Participant: 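If you scroll down you'll find the structure; I have some questions about it.
Note that ligands are numbered from 1 as they come in the structure, with each ligand's atoms numbered from 1 the same way. Just so we're clear, the structure is a prediction, and the values are computed from it rather than from any experiment. No hydrogens, no waters, no symmetry mates; every other heavy atom, side chains included, goes into these values.
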Amino acid sequence: MAFLPVTRFRHFSRGGLIAVGLAVAVPALILVAVGITLTLRLAREVASESARYNAYVADKVTEAFEHELLDQVRDAIGPAEEAARAGGDAEAIRTALASRAQRFEAPHFVPVDDLTGYSLVTVDLQLLVYGTDTSGVREHPFAAVLLRGPTGDIVGAGGWWFNPRAFVVEHLSNVVQAQLLSNQRLYGGIAGTRNLAVQIFDAEGHELARMREPGRSATARSAPMTGPFETYTVRVTPTAGAPVAIAGRFMVVELAFIALLALALLAATVVGLRYVRRQIELVQTQASFMANVTHELKTPIAVIRLAVETLEMGRFRSNEERDKYLHTITRETSRLSQLVDNILDFSRFESGARQLRLGPVDLRAVVETAMESFRLRLEDEGFHYEVVLPDKLPMARADGMTIQHCLLNLLDNAVKYSRQRKEVRVGAGVRDGMVTLWVSDRGIGIDAANQKRIFEKFVRVETGLVHDVKGAGLGLSLVDRIVRAHHGRVEVESQPGEGSTFTLLLPRWEAASGSPPAEARSAEGS
Ligand code: ADP
């Protein structure tokens, strides 16, 4: 068995490990927190910038519609302008307007004296006249330009009544794609409108028209339209392919990535620290194992030496006393040899060098042979014992010697961990289609939390009695390894203060009948 140097770990405390963990985890978590904060801040900045931009574009859409409207009016006003310049009267101008009315509703001319009540808006350094019908006959607004007479004086405003709902529906795409995008001088080259969806809603909130599909964005902005389109609202939203939407998705991915990184970091720290703690515990238990073994070896040697010296010098008073010394020598020698066997077996099992010689084994014979050598000790220590063997028992597929060794370990424990109620029962039987060997005592028992741990190497339950009882914490782990190498299992049933029953379950020989005695590597079940 190779033992690690332990001195360095002797004083290694739980607090030390926690400090190491914190030293790794805290700076890493601070970095993660900084990463998350910066990302969120950046996301907020990008979102507020996008929202401002969308609000700006929403404002500009009204202007662009007015621009489009003026273009349409200018496009059709030629004949009316000519009629006015030629000094034509209102009737002549109306007739000229009527010749180009196709794209609007009815033509309309307002003499200069009647222009009060109409509004004027400057679009691209030109004037657009608009207004509603104060007489209430027409429900739609009027759009016009000023007309000049032969002397250059303004004679009135000539234009058409038009349907703004139909106008926005028809011209939205042109407004967004041509006016906003190409009119650098007016709109400062809003090239980014390529990634914006524009929707127009009426006063009831019904959507009249849309240009491109709006993406899901919190940065959408609305603005009421003004002038001839004043009852409508425009809403500007980035499309799904807009840089702000891409940046939003990227930030979600980045945050998820940072969160995963933090989780991985924490998990790695916890797993790493647990591993280190287990290694330290192992080294510490090995250290106490060494101390136990040394003590276990020295005590019987000292007792044997004393007994031999006494006998050698003839310092006994009677034959009974001499037999007592001889008996002591026998007992301590067998204890020594069992300990040495355990240590050697264990290291052979650890290195995988131990091989099992599997064959049909009658576990009743194993019990009887073990009891032959153990009976003396039981009687010596004042135990009542009972051997329970059935008349018929299937053969086990086992290595008889090693199983006997296991049984001796269990018997040894039963004796060691019993207090006043010195009762041991041992037997063999059948369960779950397997052959069993069991040892039961009425000793101190093992609490549920420790029932698994005791099969680990060097583990001893820290109860008062264990401090008084000698042991290296190897027996059960060796038993477990041996039985698992047989493809069997060990079970323990125990109540603290009531006693324990250890059961070895081994495969039956019939299961493998016909096969010759086999050899199994010791390590296969471990
Ligand atoms: P050791 O007996 O040398 O300490 P073992 O591996 O045989 O090592 O046992 C491990 C621990 O399991 C013991 O230290 C003891 O705490 C507990 N144990 C084993 N057998 C019994 C038993 N029959 N009754 C109570 N506790 C037991």
Side-chain angles (χ1 to χ4, degrees), residues 1 281-282 284-300 332 334-347 349-350 370-371 374 377-378 381 383-386 402-427 436-485 489-504 526:
M1 241 170 294
E281 278 172 2
L282 195 65
Q284 283 171 339
T285 43
Q286 280 185 348
S288 76
F289 164 74
M290 276 302 273
N292 275 338
V293 167
T294 316
H295 182 258
E296 286 272 278
L297 288 171
K298 275 167 87 179
T299 317
E332 293 300 315
S334 88
R335 201 150 79 79
L336 255 183
S337 96
Q338 191 182 343
L339 178 66
V340 171
D341 279 354
N342 267 357
I343 295 172
L344 290 178
D345 265 9
F346 194 86
S347 58
F349 262 84
E350 283 268 274
M371 284 308 283
F374 212 77
R377 179 158 167 215
L378 286 171
E381 304 210 12
F383 271 82
H384 292 288
Y385 64 88
E386 195 185 344
T402 45
I403 293 302
Q404 181 162 324
H405 191 62
C406 292
L407 184 56
L408 285 173
N409 263 305
L410 295 183
L411 283 168
D412 185 47
N413 280 350
V415 171
K416 282 198 302 188
Y417 302 110
S418 288
R419 275 197 241 247
Q420 289 86 3
R421 286 156 80 190
K422 295 177 179 250
E423 292 167 32
V424 169
R425 296 176 78 234
V426 49
T436 64
L437 239 185
W438 51 266
V439 175
S440 183
D441 65 57
R442 309 295 302 275
I444 58 169
I446 307 148
D447 56 36
N450 282 309
Q451 285 179 11
K452 243 186 141 134
R453 283 187 64 229
I454 51 172
F455 293 101
E456 291 171 24
K457 60 185 171 184
F458 311 135
V459 168
R460 309 195 72 214
V461 179
E462 294 299 321
T463 59
L465 187 56
V466 167
H467 284 297
D468 307 336
V469 175
K470 290 158 190 141
L474 269 185
L476 283 183
S477 107
L478 183 60
V479 170
D480 185 53
R481 274 159 201 245
I482 290 173
V483 173
R484 280 198 288 138
R489 63 178 194 272
V490 185
E491 288 180 0
V492 57
E493 261 177 70
S494 185
Q495 287 280 332
E498 293 296 323
S500 318
T501 301
F502 285 84
T503 309
L504 313 185
S526 57

Participant: Within the structure, is a non-hydrogen atom of F502 found at a distance of less than 4.0 Å from ligand 1?
Facilitator: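 A heavy atom of F502 does come that close to ligand 1.
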Participant: Please determine whether a side-chain nitrogen of the Lys or Arg among R377 and D412 lies less than 4.0 Å from a carboxylate oxygen of the Asp or Glu.
Facilitator: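 Salt bridge flag = yes for D412 with R377.
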Participant: Would you call E491 and R489 a salt bridge, using N to O less than 4.0 angstrom?
Facilitator: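 Between R489 and E491 there is a salt bridge, with a charged N closer than 4.0 Å to a carboxylate O.
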Participant: Examine the proximity of ligand 1 to D441 and report which part, side chain or backbone, both or neither, has a heavy atom under 4.0 Å away.
Facilitator: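 The side chain, only.
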Participant: Rounded to the nearest 0.5 Å, how far does CG of N450 lie from OG of S494?
Facilitator: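 Separation between the atoms: 10.0 Å.
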Participant: Does any part of the side chain of L297, heavy atoms only, come nearer than 4.5 Å to the side chain of V340, both counted from C-beta?
Facilitator: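 Touching, per the 4.5 Å side-chain cut-off.
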Participant: Just wondering, do D341 and H405 contact through their side chains at under 4.5 Å, heavy atoms?
Facilitator: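 The answer is yes; the side chains approach within 4.5 Å.
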Participant: With heavy atoms under 4.0 Å as the rule, classify the contact between I444 and ligand 1 as side chain, backbone, both or neither.
Facilitator: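 Within the 4.0 Å criterion, I444 contacts ligand 1 through side-chain atoms alone.
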Participant: Could you establish whether G443 and ligand 1 come within less than 4.0 Å of each other, counting only heavy atoms on the residue side?
Facilitator: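 No, that is not the case, since the closest heavy atom of the residue is not under 4.0 Å from the ligand.
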Participant: What atoms in ligand 1 come closer than 4.0 Å to a heavy atom of K416?
Facilitator: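 So the answer, numbered in order with elements, is 1 (P), 2 (O), 3 (O).
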Participant: Just to be sure I read this right, does ligand 1 sit under 4.0 Å from the backbone of L476, its side chain, both, or neither, counting only heavy atoms?
Facilitator: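 The answer is both.
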